[in-house]
Each structure stands twice: as structure tokens, then as C-alpha cells.
Amino acid sequence: GPYATGGLVIRAGSAAAVGAALGARRRLGRGGDDAIDVTAFLVANPSGRWSGVLYVLSGFNEASPDLGLGGQLTCRF
């Protein structure tokens with residue numbers, strides 16, 4: 001079914017940004033619920049070589065995840 005996400009990112013200095021995104025999707029099958037979740041994240045780029053993202057995800061109903069945590073570290077070479 002259809003899925004939509006909208007969000008906002010705000011710079012937090014020259015090497016970081018914080019943001020949030022709200023996602024919604026229609027139910028995947030009969031008897032299922034529509035899903036709504038929010039993700040908050042922090043993006044850091046302390047150098048031209050290293051960057052990282054930390055995020056927290058939380059759902060608002062039974063069809064959404066209760067809680068999710070994650071991150072990504074990237075090195076360019």
C-alpha cells in the first residue's frame with residue numbers, strides 16, 4: 001500500500017545536524033492496522049573522511065515497532 005514520510009533537519013553547527021521524520025503507511029493485509037512511526041536522528045560529520053548517524057524510532061500503534069535504535073559509521077578512503 002501507499003507509504004509517506006515527511007521530516008525536518010536542522011543544522012547544529014558546521015559538522016552536525018538533528019532531525020525528525022514522521023512515517024505512515026496503509027495496512028499490509030486484511031485485519032492489519034495502518035502504521036505510524038517517528039524517527040529522531042543525529043548526523044555528525046566531524047571530518048571530510050568520517051561521518052555518522054544515530055537514530056531512535058518509535059511507533060504509535062500495534063502495527064508499528066515499539067522502539068528501534070541504530071547507527072551508522074562511515075569512513076571514506
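Only this structure's heavy atoms are used, side chains among them; waters, hydrogens and symmetry mates stay out. As the structure is a computational prediction, the values presented were derived from the model and not from experiment.
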Report yes or no: do Val56 and Phe60 belong to one cluster of Ile/Leu/Val/Met/Phe/Trp/Tyr joined by side chain heavy-atom distances under 4.5 Å?
no
Which donor-acceptor pairs under 3.5 Å do the side chains of residues 70-77 make with protein atoms, sequence neighbours left out?
residue: Gln72; atom: NE2; partner: Thr74; partner atom: OG1; Å: 3.3

To the nearest 0.5 Å, what is the distance between CG on Asp66 and CG on Asp37?
11.5 Å
Please tabulate, for side-chain N and O atoms in residues 39-48, each donor-acceptor pair with protein atoms closer than 3.5 Å (sequence neighbours left out).
residue: Ser47; atom: OG; partner: Arg49; partner atom: N; Å: 3.2
residue: Ser47; atom: OG; partner: Trp50; partner atom: N; Å: 3.1

For Arg26, which residues count as a side chain to side chain contact (heavy atoms under 4.5 Å, CB included) partner, sequence neighbours excluded?
Pro2, Asp34
